Every structure is written in structure tokens, then in C-alpha cells.
K.L.:
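Could you have a look at this structure, given as C-alpha cells, before my questions?
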Amino acid sequence: MSTNIENILIIGSGSAGLTAAIYAARAGFSPLVLTGIQPGGQLTITTDVENYPGFQDAVQGPWLMEQMQKQAENVGARIEYDLIVDLDKDVWPFKVKTDSGKEIQAETIIIATGAQARWLGIESEEKYNGKGVSACATCDGFFFKNKNVAVIGGGNTAVEEALYLSNLCQNVTLIHRRDELRAEKILQNRLFDKKNINILWNNKVDEILGDDFGVNSLKLISTKDGSETTIKIDGIFIAIGHDPSTLVFKNKIDLDQDNYIITNLGETATSVPGIFAAGDCVDKIYRQAVTAAGMGCMAALDAEKWLANNK
């Protein structure tokens with residue numbers, strides 16, 4: 001088992017992790033980035049990206065993350081395709097074990113492991129992912145301007161997505177498997193006031209239908225009597241929540257009730273001095289590549305400052 005000592009270890013390689021790597025490398029360190037199970041993060045499963053600053057035309061998500069990684073490596077970051085399986089936060093330098101069997105010692109750690117959207121788990125969902133199926137209205141809603149879309153879910157996320165889409169789309173259908181929403185009352189009132197949002201109660205998605213051009217309809221099953229209906233739509237937004245990728249940190253650093261990492265307000269410091277966190281494993285509100293990148297920058301600056309004060 002090989003042992004290395006790192007000044008700054010970055011866990012995760014999405015926009016938060018790679019931005020942290022760029023800033024740490026430019027500060028004179030040679031940070032090590034463990035890519036995790038999905039190198040490049042959620043943008044690698046996104047097609048057109050139109051809301052990341054700096055590009056006149058839409059760019060492809062995988063290409064954008066490839067460029068970020070090349071930029072990080074160009075200024076001195078090192079990338080390893082590995083993932084963390086254990087953290088010992090009670091020693092310093094901290095000790096991390098990886099899936100490949102490596103043990104790494106690190107004076108500071110930046111956690112940027114992101115979050116994953118929850119999916120329905122049906123085969124057609126995967127087939128049309130990026131071709132009419134999305135889990136982010138803010139990211140992809142623009143592509144459905146003046147079209148008809150469906151939102152799946154009944155909590156705050158689903159209602160917020162439906163409200164956002166109602167300002168872009170001709171018609172929004174919210175599909176919920178129960179006969180009442182779990183969302184906050186104020187959000188429900190806004191939803192019910194919208195003329196171009198209709199709700200299909202007591203229904204669940206059985207199959208997403210489409211052709212070579214993408215999604216064109218949804219096959220639904222009643223949760224009351226099992227009857228089937230088919231509705232025509234141009235896109236479907238899955239809004240049944242997100243799960244932060246923080247399981248390995250449970251009982252090691254403070255997490256909230258939804259397993260998001262708790263940081264000091266306006267900072268990236270976690271409950272363990274010397275360990276910082278950035279991106280979607282912390283942020284349950286915005287969940288955008290650009291906000292994750294900003295937090296990655298903050299985490300690198302915070303780690304640099306911590307090292308200067310504690311070494």
C-alpha cells in the first residue's frame with residue numbers, strides 16, 4: 001500500500017472540484033484530484049449547456065468538463081481516476097483510503113462529491129435522457145420554450161420546477177402519484193394560481209414514448225384503479241429530489257437531515273478544521289455548475305488560508 005502526503009486533496013471532479021484544483025494549483029500547490037465514480041460530474045451527462053458564462057453558443061457538457069480538467073492539469077493539478085472509500089479525520093494529516101487500495105495523507109481536504117438526481121428507474125427514461133428527459137428545469141427549460149412539458153413529483157422541487165417552466169412553456173402538466181402535494185403551502189398557492197399549469201393527480205409514469213427526434217408522449221397508470229392514459233408532451237422533467245454523494249462522510253463530518261454537508265455560513269469550512277466542502281454536496285438550493293465553480297474557488301482559497309495559519 002503506497003502512502004503519499006498531499007497539501008490539498010480534492011475529492012470530486014465536477015465544476016466545483018476542478019475549479020478548486022485550478023485555484024489551488026495557481027496558488028503554488030500541486031493538488032491531487034480524485035475523480036470519483038463519475039469523472040466530470042453531472043455535466044458529463046448533459047448535452048447543450050447555454051448558461052455557463054463565456055460561450056456565445058451552446059457547448060456540450062462533456063466538452064466543457066474536459067476543458068476544465070485540461071486547464072487544471074495545465075496549471076499543475078494531478079488527476080487520479082479513483083474514489084474514496086474511507087476517511088480518518090481524527091489524525092492529522094488526515095488519512096484517506098481509496099477504492100484502488102491506496103492510502104493518501106492530506107493536510108487539507110476539499111470535498112466536492114456533488115449530488116445525483118433521483119430518477120424513476122424505468123428503461124425508457126434512460127433511453128431518452130438528454131432527448132426530452134431532464135432533471136433540471138433551470139438547465140434545460142429554455143429548449144422547451146412555447147412547448148408542452150410534464151413535471152413528475154409532488155414536493156418543493158417539483159412545484160418550483162413547474163413554476164419556472166410555466167414562464168417558458170405553453171403548458172405544464174404536473175403529475176403526482178398521490179392526491180395532495182407535499183410542497184410548502186405558499187408554493188402550492190402559486191402553482192394553483194398559474195393558468196398554464198394543470199395537475200394530474202393519482203398517476204405515475206409507466207413509460208416515456210418518443211421517436212428519433214425525442215420524447216413525444218407519456219404513458220401513465222392510475223395509482224387508484226390501474227387504468228392507463230397517454231398524454232402528448234414534448235419534454236419531461238423528473239423532480240423527485242436529489243441525493244448528495246456524502247455516504248462515506250457520515251459520522252465523520254456534520255451532515256444535515258438530508259445528508260448535505262453543513263458548512264459555516266458564507267464559507268466552505270466543515271465541522272472538521274482543515275476539511276472544506278463545495279458544490280452540490282453542500283448546496284441544495286441552486287445546484288448550478290456556475291455556483292458550484294464559485295464555491296470551488298472559495299474552498300481553495302479557504303484551504304490555502306488554513307494551511308498558512310496552521311502549518
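This one's a predicted model, so the numbers in the text were calculated from it and none came from an experiment.
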K.L.:
Is it the case that the side chain of Glu125 and the backbone of Gly121 share a donor-acceptor pair, with hydrogens and angles ignored and the cut-off at 3.5 Å?
P.N.:
yes

K.L.:
Under a 3.5 Å threshold, yes or no: a donor from one side chain and an acceptor from the other, between Lys250 and Asn259?
P.N.:
yes

K.L.:
Quick one: does Ser217's side chain have a donor or acceptor within less than 3.5 Å of a partner on Thr230's backbone?
P.N.:
no

K.L.:
With rounding to the nearest 0.5 angstrom, report the CG to NZ distance, Asp211 to Lys131.
P.N.:
10.5 Å

K.L.:
Could you check whether any side-chain heavy atom of Asp88 comes within less than 4.5 Å of a side-chain heavy atom of Glu103, counting everything from C-beta outward?
P.N.:
no

K.L.:
Counting C-beta onward and ignoring hydrogens, is there a side-chain heavy-atom pair between Ile79 and Glu73 closer than 4.5 Å?
P.N.:
yes

K.L.:
Counting neighbours of OH on Tyr23 that are heavy atoms of other residues, nucleotides or ligands and sit closer than 6.0 Å, is the number greater than 12?
P.N.:
no

K.L.:
Would you say the side chains of Ser30 and Arg78 form a donor-acceptor pair under 3.5 Å?
P.N.:
yes

K.L.:
If I take atom CG from residue Leu120 and atom CD1 from residue Ile152, how far apart are they, to the nearest 0.5 angstrom?
P.N.:
6.5 Å

K.L.:
Is it true that a side-chain atom of Thr270 and a backbone atom of Ile275 form a donor plus acceptor pair closer than 3.5 Å?
P.N.:
yes

K.L.:
Looking just at side-chain N and O atoms, do Glu107 and Asn7 make a donor-acceptor pair shorter than 3.5 Å?
P.N.:
yes

K.L.:
Ile175 and side chain to side chain contact (heavy atoms under 4.5 Å, CB included): which partner among Ile199, Asn202, Val151, Ile231?
P.N.:
Ile231

K.L.:
Do Glu184 and Asn156 meet the criterion of a side-chain donor-acceptor pair at a distance under 3.5 Å?
P.N.:
yes

K.L.:
How far apart are the C-alpha atoms of Asn167 and Lys194, what are their side-chain angles, what is the distance that settles it, and do they pass the side chain to side chain donor-acceptor pair (under 3.5 Å) test?
P.N.:
CA-CA 10 Å; Asn167 296 317; Lys194 281 283 188 176; 3.0 Å; yes

K.L.:
Within a reach of under 6.0 Å around NZ of Lys252, are more than 12 heavy atoms found that belong to other residues, nucleotides or ligands?
P.N.:
yes

K.L.:
Could you name each residue pair satisfying ring pair (Phe, Tyr, Trp, His ring centres under 6.0 Å) that touches residues 192-245, not counting sequence neighbours?
P.N.:
Phe144-Phe237

K.L.:
Under 4.0 Å between a Lys/Arg side-chain N and an Asp/Glu carboxylate O for Lys219 and Asp206?
P.N.:
yes

K.L.:
Is Glu267 paired with Lys305 through a side-chain N to carboxylate O contact shorter than 4.0 Å?
P.N.:
no

K.L.:
Tell me whether Glu123 is salt-bridged to Lys127, with the criterion being a basic N under 4.0 Å from an acidic carboxylate O.
P.N.:
no

K.L.:
Can you list every disulfide bond (SG atoms under 2.5 Å apart) pair that touches residues 280-311, not counting sequence neighbours?
P.N.:
none

K.L.:
Hey, is CD on Glu126 packed in by over 12 heavy atoms from elsewhere, all under 6.0 Å?
P.N.:
no

K.L.:
Which pair of heavy atoms, one from Ser124 and one from Ile208, lies closest together, and at what distance?
P.N.:
OG-N, 2.9 Å

K.L.:
Could you tell me the separation between the OH atom of Tyr52 and the CD atom of Gln288, rounded to the nearest 0.5 Å?
P.N.:
11.5 Å

K.L.:
Would you confirm whether Gln188, through its side chain, and Ala183, through its main-chain N or O, come within 3.5 Å as a donor-acceptor pair?
P.N.:
yes

K.L.:
When rounded to the nearest 0.5 angstrom, what is the spacing between CD in Glu66 and CD in Gln71?
P.N.:
13.0 Å

K.L.:
Counting N and O atoms only, with roles assigned by atom type, does the side chain of Thr19 sit under 3.5 Å from a partner on the main chain of Ala16, one being a donor and the other an acceptor?
P.N.:
no

K.L.:
More than 12 non-hydrogen atoms from neighbouring residues, nucleotides or ligands closer than 6.0 Å to CZ on Arg118, yes or no?
P.N.:
yes

K.L.:
Between Lys284 and Asp258, does at least one N-O distance fall below 4.0 Å, as a salt bridge requires?
P.N.:
yes

K.L.:
List for me each residue that meets ring pair (Phe, Tyr, Trp, His ring centres under 6.0 Å) alongside Phe55, sequence neighbours excluded, and say none if there are none.
P.N.:
Trp63

K.L.:
Looking only at side-chain N and O atoms, does Thr268 offer a donor or acceptor that is under 3.5 Å from a partner on Asp302?
P.N.:
yes

K.L.:
Check Ser271 against Pro273 and note the closest heavy-atom contact, atom names and distance.
P.N.:
O-CD, 3.6 Å

K.L.:
Counting only N and O atoms by type, is there a donor-acceptor contact under 3.5 Å from the side chain of Ser15 to the main-chain atoms of Ala289?
P.N.:
yes

K.L.:
Any carboxylate oxygen within less than 4.0 angstrom of a Lys/Arg side-chain nitrogen, looking at Asp82 and Lys97?
P.N.:
no

K.L.:
Enter the distance from Tyr81:OH to Asp99:CG here, rounded to the nearest 0.5 Å.
P.N.:
16.0 Å

